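Small disclaimer: the values here were computed from a predicted structure and weren't measured. Note on naming: letters A, B, ... go to the chains in the order of the sequence lines (proteins, then strands), and numbering restarts at 1 for each one.
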Amino acid sequence: MNTPIKKKPVPREDDWIEKIYVMVRRIPKGKVTTYGALADAIGSRLTSRMVGWAMNKAHTAKPKVPAHRVVNRNGMLTGKHHFATPTLMQELLEAEGIRIEDDKIKDFKTHYWTPS
DNA sequence: TCACTGACCGTGG
DNA sequence: ACCACGGCCAGTG
């Protein structure tokens, strides 16, 4: 009979990675969140380090993930070096009305968004 | 095959 | 207040 394609010819990313991408895309414009918050929101044994690792290959995810809205708990743009240009992350955030000084978000908690 | 690293965070001394 | 270490997953040499 018609053998259902049990196999997965489409190499979808691991579930937890996919969840991270979805969560990041849900971040409202002008808001930011932290790696730890995403890891905690998804739960599981996910850790903030894994979120960062997922972000590393986020540029291959489609649609593209607004990784510039994800910073560490210090509000520092730790991942800016991984963007096309080292200043792109800051420019994107500033374009959304977020003030940045010394690679750090000003009024971080004001722009902080909690995954829900 | 084993060991180390990575866009981190929390806790302990 | 500062420094050191563990933890979780996947990829690379």
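Rounded to an integer number of Å, the gap from Leu46(A) CG to dC9(B) C1' is 13 Å. The nearest whole Å value for the distance from the CD1 atom in Ile42(A) to the C1' atom in dC8(C) is 13 Å. If you measure from atom OH of Tyr35(A) to atom P of dC9(B), you get 8 Å, rounded to the nearest angstrom. In this structure, the CD1 atom of Ile105(A) is 18 Å from the P atom of dA7(B), given to the nearest Å. Rounded to a whole Å, the NZ atom of Lys104(A) is 20 Å from the P atom of dA7(B). Taking atom CD1 of Ile20(A) as the reference point, atom C1' of dC8(C) lies 11 Å away to the nearest angstrom. Here the P atom of nucleotide dG11(C) and the CH2 atom of Trp53(A) are 5 Å apart, to the nearest Å. Taking atom CG of Leu38(A) as the reference point, atom P of dA7(B) lies 16 Å away to the nearest angstrom.
Comparing the C1' positions of dC2(C) and dA7(B) gives an interatomic distance of 24 Å, to the nearest angstrom. Going from the P atom of dC8(C) to that of dT1(B) covers 23 Å, rounded to whole Å. With P as the reference atom, dA3(B) and dG7(C) are 16 Å apart, rounded to whole Å. Taking the P atoms as reference points, dG11(C) lies 22 Å from dC9(B), given to the whole Å. Across the P atoms, dG10(B) and dA10(C) are found 22 Å apart, a figure rounded to whole Å. Atom name P, nucleotides dT5(B) and dA4(C): the rounded distance is 16 Å, in whole Å.
Side-chain proximity of Arg73(A) to dC8(C), dA7(B), dG10(B): nearest is dG10(B). When distances are taken from the side chain of Phe83(A) to each of dC9(C), dG10(B), dA7(B), the shortest belongs to dA7(B). Each of dG10(B), dA7(B), dC9(C) was ranked by its minimum atom distance to the side chain of Met50(A); first place goes to dC9(C). Closest contact between the side chain of Met55(A) and the listed nucleotides dA7(B), dA10(C), dC9(B) involves dA7(B). Comparing dC8(C), dA7(B), dC9(C) by their closest approach to the side chain of Thr47(A) singles out dC8(C).
At a threshold of 4.0 angstrom between heavy atoms, the contacts of Ala67(A) include nucleobase atoms, whether or not backbone atoms are also involved. Residue contacts shown for Asn56(A) include a base, since a base heavy atom lies under 4.0 Å away.
To the nearest 0.5 Å, the span separating CD1 on Ile100(A) from CD on Gln90(A) amounts to 4.5 Å.
Between Thr34(A) and Val51(A) there is no side-chain heavy-atom pair separated by less than 4.5 Å. A 4.5 Å side-chain heavy-atom check between Met55(A) and Tyr35(A) finds at least one atom pair inside the cut-off.
Side-chain contact, Glu91(A) with His68(A): no donor N or O sits under 3.5 Å from an acceptor N or O.
Arg25(A) and Glu18(A) are joined by a salt bridge, as a carboxylate oxygen and a charged side-chain nitrogen come within less than 4.0 angstrom of each other. The pair Glu96(A)-Lys31(A) does not count as a salt bridge, with every side-chain nitrogen at least 4.0 angstrom from each carboxylate oxygen.
For residues 98-109 of chain A, the pairs satisfying side chain to side chain donor-acceptor pair (under 3.5 Å) are Lys80(A)-Asp103(A), with sequence neighbours left out.
The hydrophobic clustering, which links ILVMFWY residues whose side-chain heavy atoms are closer than 4.5 Å, places Leu46(A) and Ile27(A) together.
Taken residue by residue, residues 107-116 of chain A places no heavy atom nearer than 4.0 Å to DNA chain B.
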